[in-house]
Amino acid sequence: MTPQDDQRLLEIRNLKVQFALEEGTVRAVDGMNLAIDRGQTVGVVGESGCGKSVTAQALLRIVPKPGEIVEGELLYYRPTDGDGGNLHVTDLAGLPANGDEMRDIRGNEIVMVFQEPMSSLAPVYTIGHQIMEAIGLHQHVGKQEARERTLEILQRVGMPQPSQTIDSYPHQMSGGMRQRGMIAIALSCNPTLLIADEPTTALDVTTQGQILELMQKLQNDFGMAIMFITHDLGVVAKMTEYVTVMYLGKVVESADVDTIFHDPKHPYTKALLRSMPRMGVKSRRLEAVTGMVPDPFHVPPGCPFHPRCEDFIAGRCDAEEPPWIETEPGHGVRCVLYE
């Protein structure tokens with residue numbers, strides 16, 4: 001991606017997040033690179049345990065202990081106060097996690113919709129109270145105005161009967177209503193970047209489609225960028241413009257969404273696509289990706305995907321770190337097959 005400088009919103013450069021445990025060190029994110037432009041939708045794809053959610057936690061500086069960012073930059077391009085034409089670059093990795101500047105960014109300019117709303121929402125507070133709390137924390141308005149804004153945002157996210165739902169507790173709401181409530185909390189302060197971590201995993205197919213359409217509409221209304229974290233390639237095809245594929249903490253392929261689906265390069269990306277059902281194709285049998293993501297305490301040498309790879313080259317894939325290769329402008333892959 002090579003956008004105009006004034007369109008760049010976020011750059012992740014060589015991000016490394018590690019967890020030092022008694023059993024050993026887990027390299028949850030190992031050299032992540034990613035760029036997001038204003039208003040763009042980027043997908044981060046991979047199986048469970050590949051470092052997608054930890055990347056999002058690092059952006060918000062909420063990596064749980066004993067995890068820590070050991071290397072890299074998280075460059076956030078913010079408009080300079082009083083002059084929207086200039087951008088001020090802030091390295092989020094260098095800010096104190098609980099400092100005033102990071103607290104002002106987190107939940108206000110960069111927000112996150114978590115995977116399971118029932119465990120993310122506070123069960124003893126109404127959904128309206130939780131939205132009003134976010135508005136009051138960052139917007140510094142009175143209770144009456146906060147409640148009026150809460151009703152407005154509940155209407156915008158399509159919450160049924162918002163004047164009544166505002167006083168409902170999470171356990172009184174359906175899964176789709178809770179997810180709409182989570183989105184309302186996230187959008188209450190008009191963010192520039194929304195991180196959606198598997199936002200539709202726990203929902204039925206119909207409600208999933210409604211939530212995805214809602215997020216597309218709200219993105220157009222608010223002009224925000226979205227970082228979609230998912231293992232659902234159908235969601236990626238519908239929602240994203242650019243895709244980054246992760247495996248065991250590393251980016252193995254990056255390209256625009258059409259290239260990823262029609263001209264994938266990395267054997268892992270190809271295997272993921274073969275496991276995806278396609279409309280109009282009845283005879284083709286779906287193929288599971290062979291094997292499992294390795295134990296993070298015993299990462300195989302060389303390319304970490306080589307024990308599962310159909311194109312494995314003995315003496316190379318199991319011995320040397322694969323290089324990052326630009327096969328064409330905007331399309332990169334980490335594999336010796338393209339040297």
Side-chain angles (χ1 to χ4, degrees), residues 9-10 38-39 59-62 76-85 87-88 90 92 95 97-114 117-197 199 210-211 213-227:
L9 177 64
L10 183 76
R38 297 181 185 278
L59 283 173
L60 291 171
R61 300 302 310 281
I62 56 172
Y76 175 44
Y77 295 76
R78 308 173 73 185
T80 303
D81 291 339
D83 186 354
L87 296 176
H88 171 68
T90 301
L92 303 180
L95 297 179
N98 293 315
D100 290 342
E101 187 173 3
M102 192 64 229
R103 288 169 66 91
D104 183 53
I105 294 171
R106 181 173 53 234
N108 183 26
E109 299 176 38
I110 301 177
V111 299
M112 187 167 176
V113 175
F114 292 92
M118 194 60 189
S119 60
S120 303
L121 293 169
V124 296
Y125 293 103
T126 64
I127 188 65
H129 176 95
Q130 295 180 62
I131 298 171
M132 290 167 62
E133 183 180 38
I135 293 173
L137 179 63
H138 296 291
Q139 302 296 313
H140 307 295
V141 299
K143 288 185 177 180
Q144 184 58 36
E145 185 176 350
R147 186 175 178 88
E148 291 173 359
R149 290 192 186 185
T150 298
L151 283 169
E152 180 184 350
I153 193 67
L154 286 175
Q155 290 174 339
R156 295 190 73 169
V157 300
M159 185 70 79
Q161 299 179 309
S163 59
Q164 298 178 25
T165 307
I166 190 173
D167 295 316
S168 297
Y169 291 89
H171 71 272
Q172 297 174 314
M173 303 162 68
S174 68
M177 292 171 69
R178 285 195 292 267
Q179 195 61 283
R180 289 175 190 271
M182 283 291 298
I183 294 172
I185 294 172
L187 301 184
S188 60
C189 297
N190 195 10
T192 56
L193 174 62
L194 171 67
I195 302 171
D197 186 2
Q210 294 172 351
I211 293 297
E213 289 178 5
L214 170 65
M215 295 185 77
Q216 284 183 318
K217 178 181 182 299
L218 293 172
Q219 182 181 25
N220 292 331
D221 292 346
F222 285 85
M224 63 186 174
I226 298 180
M227 177 179 172

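Along the sequence shown, residues are numbered consecutively beginning with 1. FYI, side chains are in, hydrogens and waters are out, and symmetry mates aren't considered; it's all heavy atoms of this structure.
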Q.
Just verifying a value: how many Å separate L87 CG and R38 CZ, rounded to the nearest 0.5 Å?
A. 5.0 Å
Q: Report the distance from atom CD1 of I110 to atom CE of M227, rounding to the nearest 0.5 Å.
A: 10.5 Å
Q: Could you grab the distance from atom CE of M102 to atom OG1 of T90, nearest 0.5 Å is fine?
A: 9.5 Å
(Q) I'd like to check the ring-ring contact (aromatic ring centres under 6.0 Å, His included) partners of Y125; sequence neighbours left out, ordered by chain and number. (A) H129
Q. Under the salt bridge (Lys or Arg N to Asp or Glu O under 4.0 Å) test, which residues partner E109, sequence neighbours left out?
A. R78
Q.
Please check this pair: side chain of R106 against backbone of L60, looking for a donor-acceptor N/O pair closer than 3.5 Å.
A. yes
Q.
To the nearest 0.5 Å, what is the distance between CZ on R178 and CE on M159?
A. 10.5 Å
Q. Between A184 and I131, which heavy-atom pair has the shortest distance, and what is it?
A. CB-CD1, 3.7 Å
(Q) With a 4.5 Å cut-off on side-chain heavy atoms, are L10 and L59 touching? (A) yes
**Q.** G181 versus I127, closest heavy-atom pair with distance
**A.** CA-CD1, 3.8 Å
Q. Partners of T192 by side chain to side chain donor-acceptor pair (under 3.5 Å), sequence neighbours excluded?
A. Y76
Q: Please report the closest heavy-atom contact between V124 and Y169, naming both atoms and the distance.
A: O-CE2, 3.4 Å
**Q.** Gap between atom CD1 of I166 and atom OG1 of T150 - 0.5 Å precision
**A.** 5.0 Å
Q. Would you say the side-chain atoms of R61 pair up with the backbone N or O of L92, donor to acceptor, closer than 3.5 Å?
A. yes
**Q.** Those residues that, when tested against Q130, pass side chain to side chain donor-acceptor pair (under 3.5 Å) (two or more places apart)
**A.** none
Q. Within the side chain of R180, is there an N or O that forms a donor-acceptor pair under 3.5 Å with the backbone of V157?
A. yes
Q.
Between I185 and L121, does the side chain to side chain contact (heavy atoms under 4.5 Å, CB included) criterion hold? Intermediate values first, please.
A. CA-CA 10 Å; I185 294 172; L121 293 169; 3.6 Å; yes
Q.
Between Q179 and V113, does the side chain to side chain contact (heavy atoms under 4.5 Å, CB included) criterion hold? Intermediate values first, please.
A. CA-CA 8 Å; Q179 195 61 283; V113 175; 3.3 Å; yes
Q: Starting at CD of E133, measure out to OG of S188 and round the result to the nearest 0.5 Å.
A: 10.5 Å
(Q) The criterion is side chain to side chain donor-acceptor pair (under 3.5 Å); which residues satisfy it with N190, sequence neighbours excluded? (A) none
Q: Using the test side chain to side chain donor-acceptor pair (under 3.5 Å), find all partners of E145 that sit at least two apart in sequence or belong to another chain.
A: R149
Q) Nearest heavy-atom pair of P170 and P123: which atoms, and what distance? A) CD-O, 4.1 Å
Q. Would one find more than 12 heavy atoms of other residues, nucleotides or ligands at under 6.0 Å from atom CG of N220?
A. yes
Q) Nearest heavy-atom pair of A146 and M132: which atoms, and what distance? A) O-CG, 3.8 Å
Q) Which atoms form the tightest heavy-atom contact between R103 and N98, and what is the distance? A) CD-O, 3.2 Å
